[in-house]
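Sequence lines set the chain letters: A, B, ... in the order given, protein chains first and strands last, and positions in each chain run from 1.
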Protein chains: 2
Amino acid sequence: MPVTIYDVARESGFSMATVSRVINGSSKVKPATRKKILETIERLGYRPNAVARGLASKKTTTIGVVIPDISSSFFAEVVRGIEDIANMYNYNIILSNSDKNLEKELNLINTLLEKQVDGLLFMGGEVTEQHVDIFQSSTVPVVLAATKDPKNIFPSVDIDHFQAAKDAVMAFIEAGHRKIAFISGQLTDPLTGYARFQGYKKALDEANIPFDERYVKIGNYHYESGMEAMRYFLSLDVKPTAVFAVSDEMAVGAIHEIQDQGLNVPNDIEVRGFDNTPISSMVRPLLSTVSIPQYDIGAVAMRFLTKHINEEPIENQFVILQHQLIERKSTKQSS
Amino acid sequence: MPVTIYDVARESGFSMATVSRVINGSSKVKPATRKKILETIERLGYRPNAVARGLASKKTTTIGVVIPDISSSFFAEVVRGIEDIANMYNYNIILSNSDKNLEKELNLINTLLEKQVDGLLFMGGEVTEQHVDIFQSSTVPVVLAATKDPKNIFPSVDIDHFQAAKDAVMAFIEAGHRKIAFISGQLTDPLTGYARFQGYKKALDEANIPFDERYVKIGNYHYESGMEAMRYFLSLDVKPTAVFAVSDEMAVGAIHEIQDQGLNVPNDIEVRGFDNTPISSMVRPLLSTVSIPQYDIGAVAMRFLTKHINEEPIENQFVILQHQLIERKSTKQSS
DNA sequence: CTGTTAGCGCTTTCAA
DNA sequence: TTGAAAGCGCTAACAG
């Protein structure tokens with residue numbers, strides 16, 4: 001039978017209210033009585049029950065995080081950012097993996113809301129009508145991280161996927177390439193798939209390079225699918241001279257396929273990835289990529305959420321973090 | 001003002017107790033009344049308050065997980081295993097990063113216990129007296145994952161680090177190597193550091209190869225420190241012909257350092273890593289390594305915890321999962 | 001500065 | 001099969 005605040009009150013000779021005050025460090029308590037109460041807390045080994053506190057105060061100091069897959073190094077880094085800031089503000093996070101499965105997402109959100117989290121951080125593929133509905137049924141704030149909803153209803157923290165992809169392709173164009181292959185994500189995915197694809201097309205368009213669908217292959221962000229895509233590109237009559245993949249893993253897969261066929265990166269074909277995950281610095285040649293501030297996306301989103309929770313004034317509901325082209329060794333230095 | 005069980009009771013014309021029964025699917029409720037109550041729950045958009053339930057039932061269906069660093073791909077995979085099984089048993093997890101910092105660990109454990117988690121999963125470097133103390137103050141079960149306590153007080157799920165390292169080194173010895181370098185973890189770390197080091201020494205010992213401290217370098221498990229260690233080994237008069245690193249990242253760093261100096265892996269120097277993290281399949285040459293069932297460690301630990309929570313009979317309190325030598329391309333096939 | 005007293009929303013005997 | 005009522009452990013007015 002664990003010791004309760006009532007026991008502490010009885011043993012110390014003060015009331016529950018006063019004990020509560022010293023626990024919460026709130027308002028004025030005479031130093032002498034604080035000391036006494038602290039002593040009996042120590043003596044009894046009292047540990048406040050956060051569930052009871054949550055019920056009484058309507059605050060749980062925990063926030064819900066739904067994420068596609070924590071074993072993806074991209075999201076793991078985002079979560080690290082979330083957790084660090086959460087910790088700083090004295091929140092804990094309940095983490096749950098959705099695998100981008102709609103039903104699972106909806107269930108998880110519901111469960112988290114039932115658990116009375118003080119706020120919700122959502123990462124996922126798409127934000128559908130159903131997401132919107134359930135988010136709107138929430139009495140606590142919801143912030144989208146590394147995604148956004150099509151109607152801009154909810155605050156979000158993300159990068160400009162369209163521009164990032166366009167910049168990457170433009171760098172190739174400026175280096176003189178005309179035959180630029182694109183290893184894409186699913187086009188049904190509005191942000192990481194479709195928006196980046198549009199960026200690719202736009203860059204070509206502005207350079208008057210006709211779009212050639214043979215230079216586009218859909219991948220699943222993983223290494224193998226990068227190899228496969230590259231295998232296909234290399235089977236073409238007119239091979240591309242540059243390849244842009246929307247994930248580092250796929251880019252590395254592409255590089256290895258190129259190398260396995262006896263060609264050289266970057267001399268025969270240049271390759272650029274996306275995300276700047278740790279692997280890009282652990283391969284040869286070092287991978288040129290588009291750096292996405294994963295940690296910051298998480299950190300900013302969490303900070304953002306605390307502001308909403310505390311109803312602090314918020315200037316901009318939709319923050320776009322900056323991406324950056326990282327030139328390493330899988331592209332020729334254009335200097 | 002959110003709708004409560006009381007509202008549902010009033011609207012449906014039944015008592016709170018009966019509403020509670022249909023929510024929990026427990027005991028007998030007449031189908032007709034169940035139907036009516038379900039309807040009014042739907043109509044009112046009632047969402048049960050898990051905090052109140054937790055207070056009343058003394059169960060929160062959430063478990064606490066403390067982990068060194070979620071952005072490490074090793075732990076990310078372990079957590080995926082934990083979460084999947086947790087999910088299966090209808091638990092949520094509160095995840096917190098400790099960075100192996102003792103004070104932080106103790107604080108986190110305390111917070112989780114205050115939050116009335118139904119169980120605790122601990123991963124960390126070392127399990128000290130202080131850990132033992134706080135774990136013993138817990139009224140809920142504690143399971144150690146990917147670690148164990150020196151006195152075998154708490155149930156744990158891990159691999160045999162000593163044997164795994166020994167096996168890796170023995171494979172080199174059987175392939176004819178005598179000059180085997182070792183990129184170690186901190187020796188103050190009892191499991192991943194010290195135990196593996198002992199395994200290395202034991203293998204040499206059994207083969208009557210004298211231990212040479214110049215062939216041992218302490219790393220921090222990361223890529224750069226693998227390169228550094230290798231740079232040092234290559235500066236030796238008598239260079240090693242094989243290198244065993246206790247993490248894949250360090251092994252890959254070593255390979256790249258070797259390659260950068262114009263030598264070939266595996267022809268000039270063979271390299272073997274540890275963990276079988278995804279990167280080992282994404283480098284050239286493909287990395288030979290010791291496979292650790294990370295996902296399973298998490299999954300088994302979580303399953304283990306549910307058994308403790310439900311007070312199911314448990315045969316063995318200390319489960320050792322099997323490691324496995326994976327032969328890829330950074331070692332010569334010994335067949 | 002401290003105490004009294006209602007709840008918070010739900011589960012759980014115990015009766016009916 | 002259903003209901004009444006007593007808490008679960010704590011916070012938050014409100015008094016004093």
Side-chain angles (χ1 to χ4, degrees), chain A residues 1-38 40-41 44-62 90 110-111 113-118 139-140, chain B residues 1-38 40-41 44-62 90 110-111 113-118 139-140:
Chain A
M1 195 83 290
V3 4
T4 74
I5 199 175
Y6 175 79
D7 300 320
V8 177
R10 185 172 31 69
E11 287 289 314
S12 65
F14 292 93
S15 70
M16 283 165 53
T18 303
V19 175
S20 175
R21 287 186 188 102
V22 345
I23 292 168
N24 295 296
S26 66
S27 54
K28 267 73 264 286
V29 176
K30 202 203 297 177
T33 96
R34 167 188 304 282
K35 184 152 169 289
K36 263 186 213 158
I37 290 177
L38 252 18
T40 96
I41 285 178
L44 268 43
Y46 169 65
R47 184 145 47 201
N49 180 327
V51 172
R53 172 184 299 173
L55 183 59
S57 69
K58 300 182 170 310
K59 288 194 211 88
T60 55
T61 63
T62 108
N90 258 298
N110 218 34
T111 303
L113 258 18
E114 286 185 3
K115 295 212 169 173
Q116 310 300 117
V117 293
D118 291 339
T139 56
V140 296
Chain B
M1 197 84 283
V3 5
T4 74
I5 198 175
Y6 176 78
D7 301 317
V8 177
R10 185 171 31 71
E11 287 291 312
S12 65
F14 292 93
S15 70
M16 285 166 51
T18 303
V19 176
S20 174
R21 287 185 187 105
V22 344
I23 293 168
N24 295 296
S26 66
S27 54
K28 265 74 263 285
V29 177
K30 203 202 297 178
T33 97
R34 166 186 307 282
K35 184 153 169 289
K36 262 187 215 159
I37 290 177
L38 253 17
T40 96
I41 284 178
L44 269 42
Y46 169 66
R47 184 145 48 202
N49 180 327
V51 172
R53 173 184 298 173
L55 183 58
S57 69
K58 301 184 170 311
K59 289 194 208 86
T60 55
T61 64
T62 108
N90 259 297
N110 218 33
T111 303
L113 258 17
E114 286 186 0
K115 295 213 170 175
Q116 312 299 120
V117 293
D118 291 341
T139 56
V140 296

Visitor: For side chain to side chain contact (heavy atoms under 4.5 Å, CB included), just list the numbers for R47(A) and N110(B), CA-CA rounded to whole Å, side-chain angles, deciding distance to a tenth of an Å, and then say yes or no.
Guide: CA-CA 8 Å; R47(A) 184 145 47 201; N110(B) 218 33; 2.7 Å; yes
Visitor: Verify the contact: side-chain N or O of T33(B) to OP1 or OP2 of dT2(D), cut-off strictly under 4.0 Å; return yes or no.
Guide: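 It does, given that an N or O in the side chain of T33(B) lies less than 4.0 Å from OP1 or OP2 of dT2(D).
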Visitor: For side chain to side chain contact (heavy atoms under 4.5 Å, CB included), just list the numbers for T61(B) and N90(B), CA-CA rounded to whole Å, side-chain angles, deciding distance to a tenth of an Å, and then say yes or no.
Guide: CA-CA 7 Å; T61(B) 64; N90(B) 259 297; 5.8 Å; no
Visitor: Within the 4.5 Å heavy-atom criterion, are R53(A) and I23(A) side-chain neighbours or not?
Guide: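 A side-chain contact exists here, since the closest heavy-atom pair is under 4.5 Å.
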Visitor: From CZ of R10(B) over to P of dG3(D), roughly how many Å is that when rounded to an integer?
Guide: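 Rounding to the nearest Å, CZ of R10(B) and P of dG3(D) are 15 Å apart.
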Visitor: Can you list the steps and then say if T62(A) with K115(A) is a side chain to side chain contact (heavy atoms under 4.5 Å, CB included)?
Guide: CA-CA 9 Å; T62(A) 108; K115(A) 295 212 169 173; over 6 Å; no
Visitor: Is the shortest heavy-atom distance from the side chain of M16(A) to the side chain of T4(A) under 4.5 Å?
Guide: no
Visitor: Would you indicate, yes or no, if dG3(D) has its OP1 or OP2 atom less than 4.0 angstrom from a side-chain nitrogen or oxygen of T18(B)?
Guide: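 Checking dG3(D) against T18(B), a side-chain N or O does come within under 4.0 Å of OP1 or OP2.
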Visitor: Tell me the closest heavy-atom pair linking S12(B) and V19(B), and the distance in Å.
Guide: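 For S12(B) and V19(B), the tightest heavy-atom pair comes out as OG-CG2, 4.4 Å.
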Visitor: Quick check for you: to the nearest 0.5 Å, what is the distance between K30(B) atom NZ and I37(B) atom CD1?
Guide: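 Spacing of NZ (K30(B)) from CD1 (I37(B)) equals 11.0 Å.
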Visitor: Quickly work out the R34(A) CZ to dC1(C) P distance and round it to whole Å.
Guide: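 Between P of dC1(C) and CZ of R34(A): 10 Å.
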Visitor: Using rotation axes that map the C1' atoms of four end pairs onto the next four (five pairs an end), what angle separates the end axes of the helix from dC1(C)-dG16(D) to dA16(C)-dT1(D), to 10°?
Guide: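 The end axes of the helix from dC1(C)-dG16(D) to dA16(C)-dT1(D) are about 30° apart, to the nearest 10°.
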Visitor: Summarise protein proximity over nucleotides 6-16 of chain D in one line of letters, 5' to 3': B for base, S for sugar-phosphate only, - for none, counting protein heavy atoms closer than 4.0 Å.
Guide: -BBBBBBB---
Visitor: With a 4.5 Å cut-off on side-chain heavy atoms, are P48(A) and E114(B) touching?
Guide: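 A side-chain contact exists here, since the closest heavy-atom pair is under 4.5 Å.
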Visitor: To the nearest Å, how far apart are K30(A) NZ and dG3(C) P?
Guide: 10 Å
